[in-house]
Every structure is written in C-alpha cells, then in structure tokens.
Amino acid sequence: PLNTTSERERRDRKIAMFVKNQFALARLIGRKDYDGAIHLLESSLSGGPKDVLSFVMIANCHRWANRNNEAIAAAQRGLAVAPCNFESLKLLSEAHADLQEYEIAAKYARLGIEHFPESLPPTPKIFFWLYRRGSFVFPPLRKIDQSPPQDIPDPRNSGKAWSQGAQHNF
C-alpha cells in the first residue's frame, strides 16, 4: 500500500509538472519568445521515442524565427527518433523549399505522402446519445455545444492541404 501511494504521488507530480511546462511553453510561443520555448523543450527531452513531438515543436519554433537551417536540424533529430513521422517530413519539405532546395524538398514531400496519417474515426453516435441522456441528470451538460466553434480550424485540414499540394507538385 505504501508503494502504491508514493507511486501515485510521483505520477501526480509528473503530470502536474507536464501541465505546468505546457502552459509555460504556450506562454513563450504566444509572446514569440521562440528561444525561450526551444530552451524549455530541450530541457524536457528524455532521449526516448516521445521526444519526436518536442523535436517537431523545436523545429517549428526555429521556422517561426526564420531559422530554416536550425529547423531542418531539429526535424532531422525527430526523424532519427521516429523515421516515419509525418510532421517532421512535412516540416523538412517546407524548410528545404524555402531555402530553394527543391530536390530535397521533393524527397521529403514524397516520404510525407507515403506516411500520411490516417484520419481519426468519427465520434460514435452512442456518445451523443449518452451525452443527451446525461444532460438530463447533469444540467450543465446542456450548455455544451455538440459542434466545435467555427473559428477553431481542424488540424487535419492542414495536413490534407499539404498532402494534396505535394501530390499535385511532385
């Protein structure tokens, strides 16, 4: 029992630290302090396969700061961890195209097309049925809109548009 409590506390502290870092990262990026965001991301690298998302974000920060060579290096580090990561491939093709290295951009675009992520499955209808039934028991649920706000873009559309453009050009 003692181990379970200490393990639970350790897990809770780890989750709290993760959430705190995510808010700090969002704040830094919102302020366009990309160097601070990169420093925070690099300090959280663990050397495991989960690092690919950090490498992609580091690469994005470099791109937003107009440092394509550093963005390429960070995205390649991400590919070293996960060779088929679509976001890394997409970022590499865009960064090389910005540097007018079109052959290399085409190579990464082709790889990105080959490893395009599958769409998420639609939400099961039973979820909305349960949601409606639950709103009778928990009235605050009635205030939640079933459809997402129109000003929030679907993150899958960015990848789809990139893939369609890459297929057309390459």
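Fair warning: this is a prediction, and the values are worked out from it, not measured in the lab. Hydrogens, waters and symmetry mates play no part in the numbers below; they use all other heavy atoms, side chains included.
- Rounded to the nearest 0.5 angstrom, N60 CG and E87 CD are separated by 7.5 Å.
- Counting heavy atoms from C-beta outward, L53 and M57 have side chains that stay 4.5 Å or more apart.
- Of all heavy-atom pairs between E94 and R63, the closest is C-NH1, 3.1 Å.
- Counting heavy atoms from C-beta on, the side chains of K90 and I113 never come closer than 4.5 Å.
- The CG atom of L89 sits 7.5 Å away from atom SG of C84, with the distance rounded to the nearest 0.5 Å.
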Practice task
Check the pair N21 / S44 against side-chain hydrogen bond (donor to acceptor under 3.5 Å, both in side chains), numbers first and verdict last.
Solution key: CA-CA 9 Å; N21 284 342; S44 69; 5.8 Å; no
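- With hydrophobic clusters built from ILVMFWY side chains whose heavy atoms lie under 4.5 angstrom apart, Y108 does not share a cluster with V52.
- In terms of modelled atom types and a separation under 3.5 Å, the side chain of N85 and the main chain of L79 share no donor-acceptor contact.
- The two residues Y102 and A97 have their closest heavy-atom pair at CE2-O, 3.6 Å.
- Rounding to the nearest 0.5 Å gives a distance of 4.5 Å between OH of Y34 and NZ of K32.
- Residues W64 and F55 fall within the same hydrophobic cluster, defined by Ile, Leu, Val, Met, Phe, Trp and Tyr side chains chained together at heavy-atom separations under 4.5 Å.
- Here the closest non-hydrogen pair linking A37 and C61 is CB-SG, 3.9 Å.
- For the side-chain contact (heavy atoms from CB on, under 4.5 Å) with D98, the lone residue among N66, I72, N68 that qualifies is N68.
- Linking ILVMFWY side-chain heavy atoms closer than 4.5 Å, directly or via other members, places L99 and I58 in two distinct hydrophobic clusters.
- The two residues V56 and S88 have their closest heavy-atom pair at CG2-OG, 3.3 Å.
- Nearest heavy atom pair, residue L40 against residue L28, reads CD2-CD1, 4.2 Å.
- Scanning both residues, A75 and A59, for their nearest heavy atoms gives N-CB, 3.8 Å.
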Exercise for the section: Give the intermediate values and the outcome of side-chain hydrogen bond (donor to acceptor under 3.5 Å, both in side chains) for residues H96 and E101. Expected result: CA-CA 5 Å; H96 281 290; E101 298 169 344; 2.5 Å; yes
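- Linking Ile, Leu, Val, Met, Phe, Trp and Tyr residues whenever their side-chain heavy atoms come within less than 4.5 Å places V81 and I38 in a single cluster.
- Residues R11 and K14 fail the side-chain proximity criterion, which asks for heavy atoms closer than 4.5 Å.
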